[in-house]
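The analysis underlying the following values was restricted to heavy atoms, covering all of them including side chains, and did not include hydrogens, waters or symmetry mates. Source: prediction; values computed, not measured.
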Amino acid sequence: MKVLFTTTALLIILFFPKLLDAQDTISFSSNDKLLNHSITNHFTLYTGNDEVISVDDFLKRKTECKKRVLTHSMENLDFTSDHFFIHFVVVNESTEKQRLMLETARPITNGVELTDVSTHNRLYSGDGIPFERKSVRTNRSVLPLEIGSNESVEYVLRLESDGEIISLPIVFWESDKFNESENIRQFGFGIFYGVFLFVIAIYITFFILLKDRLFLQYSIYVFFSGLLQFSLDGYLHKYLFTSGGYLTQHLIIIIAGVTVISALIYGANYLKLEGKIRKVLMFFAFLIFVIVLLSLTTGKLYELSYVLVNGMSLLAVLAILTIGIKVRRNRFVSPLFILGLSCLSVGAIIFILGNFNVIDAPELTQNSLKIGVLCEIICLSILMVGKYKQLEEETKKAQQQLLIELEEKNLLMSEVNVRLEQEVMNRTKEIEEKRKELKEKNQDFISSVQYAKRIQKAVLSNEQKFKSILPKSFITFRPKDIVSGDFYWIDSIAPTKKWPNGLIFYATVDCTGHGVPGAFMSIIGNHLLELGKTNNEVQSPGEMLDFLNNEVNLSLNSYYNDEEIRDGMDLAFCAIDSFNKRLYFSGAKNSALIIRGDEMIRLKGDREAIGFGGNKHRFTNQEVNIQPGDMVYTFSDGYIDQFGGDKGKKFMTKRLKELLLLSAPLSMEEQQKYIEEAFDNWKGDLEQVDDVVLIGVQIQ
């Protein structure tokens with residue numbers, strides 16, 4: 001009875017399909033020719049509408065769906081976000097149970113769902129679900145079938161995309177044939193991706209050795225080209241983004257966009273494009289970047305981005321190829337570059353036209369891009385090896401040319417020297433003697449000043465002593481001449497009754513003038529600071545400035561009754577009580593700046609200078625609470641008075657404050673480097689106008 005019933009059912013299905021609006025029927029027997037290759041042309045495709053999005057909806061409203069008889073062994077369904085259904089029956093006419101693997105759709109298809117109509121069992125594939133939920137855990141869209149002897153099973157295959165093309169191979173694989181096919185594919189992919197990894201490793205090494213950015217740009221392009229193929233083959237979903245869904249689907253367009261942008265950048269730099277032609281390629285890169293941003297959305301804009309990225313990618317590749325051919329007319333461009341881009345262009349054109357269903361040969365269109373990319377990578381890799389050799393040869397030629405030029409210059413210099421010596425010998429004895437006399441005087445003067453510099457360095461406080469007392473500090477010291485009128489001084493005093501925890505004294509001093517006169521004043525100023533430190537009457541910065549003022553006037557003006565010598569110094573004097581976290585300050589025309597986070601505190605000095613106002617003035621002593629991490633800056637006027645910039649103006653105090661606020665969060669070494677570079681950049685080629693000293697101290 002069972003055999004009779006099955007036979008009757010098959011006859012009804014086979015001979016009265018229009019009467020019942022029957023499903024497609026595929027019958028298998030042993031050694032059947034329908035196995036192990038695509039038989040898409042045996043099926044009918046139904047397109048769902050807004051009310052038909054699930055298998056249950058489809059079975060209820062099948063007659064309302066748009067119907068299309070498939071005519072090719074493989075079909076492309078264009079860029080789409082529709083739901084598609086194939087309703088079919090599989091009949092096993094053999095006497096043995098059939099275990100089959102149904103392969104359909106590309107690995108990057110969002111949803112592949114197969115429903116057994118009688119049992120409602122469902123099998124799943126596609127990159128819209130977690131990889132572990134796939135019925136067969138492979139990067140391909142494969143579903144397992146098991147059909148008993150003389151048994152028929154009714155199925156509904158549901159396919160879903162988010163805007164990408166759905167490709168329809170429908171292959172019923174025998175299990176052993178599928179495993180054999182899978183092994184061959186995996187071996188081929190291993191070789192394919194191995195080529196990419198090998199090329200990347202080689203040219204990254206070239207970049208490290210030669211420091212030529214073209215090798216790095218090429219490596220980046222190869223990496224993203226390989227990653228794009230890796231994504232299209234479903235391995236991104238299998239190995240990296242196994243959760244599926246939004247990230248897996250959107251990364252395809254992002255990777256495709258970055259691949260084309262990196263190709264445009266590499267092509268423009270290899271061809272050494274400039275001006276309008278380069279702007280054309282960069283405009284393409286910008287458009288593709290905009291498309292990538294569109295792909296991050298959902299809905300219609302996301303669906304449109306699939307079409308746009310395919311179209312723009314094709315135009316970009318053709319643009320590079322066209323420009324390469326045009327440039328080759330005027331200067332050498334390797335034929336391998338043109339050949340590689342031609343291979344890529346042909347492969348991309350076939351692939352993209354296949355996506356648009358212009359070429360109806362899915363097996364060719366799906367593999368054309370891989371073949372084109374592989375041929376391009378081989379051509380460009382050979383080209384870049386040539387580039388490596390070319391750079392080596394250019395380096396050797398440049399070295400040889402340099403040696404030749406050096407020899408020519410040495411010969412020329414020798415000839416010039418001979419002529420000059422002859423001219424000098426022909427000059428009068430009087431001029432020769434004067435020259436010698438001037439030379440000797442100049443050498444004596446320079447030697448004297450150099451010796452004065454050594455004396456000054458020996459007498460004045462040095463950076464080593466400063467950092468031994470205040471480790472968290474830096475000193476920017478730039479004398480205008482060999483010796484300096486600016487100097488700094490530091491020392492600590494032992495605990496006293498007034499200061500039981502002792503104090504650290506330091507000063508930033510700007511003496512009148514610079515060069516030798518300033519150096520004399522610096523020696524006097526340093527000596528008086530040392531005397532003041534040991535004077536019991538000096539217990540604060542203000543008292544120290546009073547002492548200095550009195551001593552300078554006594555030292556320089558005691559022998560002059562009719563006129564006062566206008567020599568003295570400006571300075572900022574600080575005393576730090578580390579235990580109580582207090583800063584004591586007194587200034588003669590100079591100020592101190594404290595930076596605490598984004599806040600700046602200015603301790604303004606008195607308007608009197610040391611040695612100019614007689615002995616009547618008493619300098620103000622200021623005190624302020626300090627916190628660990630505070631930066632205290634003192635400086636002479638050499639930095640702010642320096643001419644420079646675009647208009648040759650002074651640096652000014654306001655600009656210095658802004659500079660210090662920016663540099664304060666950095667380490668001491670980084671601050672010093674930042675401040676000195678800013679000074680050099682501002683000064684440019686102009687002459688330094690004065691001695692410069694700037695001290696930064698961080699409170700601990």
For this session: Check whether more than 12 heavy atoms from other residues, nucleotides or ligands sit under 6.0 Å from atom CG of Asn681, and answer yes or no.
Result: yes
Problem set entry | Set of side-chain contact (heavy atoms from CB on, under 4.5 Å) partners for Leu293, sequence neighbours left out | Phe289, Leu296
Exercise. Can you pull the salt bridge (charged side-chain N to carboxylate O under 4.0 Å, His left out) pairs that have at least one residue in residues 317-326, sequence neighbours excluded?
Worked result: none
For this session: Please name all residues satisfying salt bridge (charged side-chain N to carboxylate O under 4.0 Å, His left out) with Glu687, sequence neighbours left out, ordered by chain then number.
Result: Lys480
For this session: Give a yes or no on this: more than 12 heavy atoms of other residues, nucleotides or ligands lie within 6.0 Å of atom CD of Glu274.
Result: no
Exercise. Does the side chain of Ser667 pick up a donor-acceptor pair with the side chain of Glu670 at under 3.5 Å?
Worked result: yes
Exercise. How would you list, by chain and number, every residue that makes a side-chain hydrogen bond (donor to acceptor under 3.5 Å, both in side chains) with Thr138, sequence neighbours excluded?
Worked result: Glu182
Problem set entry | Near-ring test Tyr239/Phe131, centroid separation under 6.0 angstrom | no
Problem set entry | Results of side-chain hydrogen bond (donor to acceptor under 3.5 Å, both in side chains) for Thr297 - residues two or more places apart only | none
Please set out all donor-acceptor pairs under 3.5 angstrom arising from side-chain atoms of residues 254-263, sequence neighbours excluded.
unit_1, atom_1, unit_2, atom_2, d
Thr259, OG1, Phe224, O, 3.0
Thr259, OG1, Ile255, O, 2.7
Ser262, OG, Val258, O, 3.1
Ser262, OG, Thr259, O, 2.8

Problem set entry | Residues, nucleotides or ligands: over 12 heavy atoms within 6.0 Å of Arg213 CZ | no
Exercise. Who are the salt bridge (charged side-chain N to carboxylate O under 4.0 Å, His left out) partners of Asp82, not counting sequence neighbours?
Worked result: none
For this session: Kindly write out the residues that satisfy side-chain contact (heavy atoms from CB on, under 4.5 Å) with Glu160, not counting sequence neighbours, or none if the list is empty.
Result: His83, Arg158
Exercise. Regarding Asp162 and Ser81, is there a side-chain donor-to-acceptor distance under 3.5 Å anywhere?
Worked result: no
Problem set entry | Listed once per pair and sorted, the salt bridge (charged side-chain N to carboxylate O under 4.0 Å, His left out) pairs that draw on residues 222-247, sequence neighbours left out | Asp233-Lys370
Exercise. Distance from Phe172 atom CZ to Leu143 atom CG, nearest 0.5 Å?
Worked result: 10.0 Å
For this session: Tell me, please, which residues at least two apart from Tyr221 pass ring pair (Phe, Tyr, Trp, His ring centres under 6.0 Å).
Result: none
Seminar exercise, completed: Those residues at least two apart in sequence (or on a different chain) that pass salt bridge (charged side-chain N to carboxylate O under 4.0 Å, His left out) with Glu658 are none
Problem set entry | Straight-line distance of Asp212 CG to Gln217 CD, nearest 0.5 Å | 8.5 Å
Problem set entry | Check against salt bridge (charged side-chain N to carboxylate O under 4.0 Å, His left out), Arg140 and Glu103 | CA-CA 7 Å; Arg140 298 157 72 177; Glu103 180 181 5; 2.7 Å; yes
For this session: Under the salt bridge (charged side-chain N to carboxylate O under 4.0 Å, His left out) rule, collect the residues that match up with Arg278, sequence neighbours excluded.
Result: none
Problem set entry | Separation between CD1 of Ile166 and CG of Asn110, rounded to the nearest 0.5 Å | 8.0 Å
For this session: Report, as yes or no, whether the 6.0 Å neighbourhood of atom NZ on Lys673 holds more than 12 heavy atoms from other residues, nucleotides or ligands.
Result: no
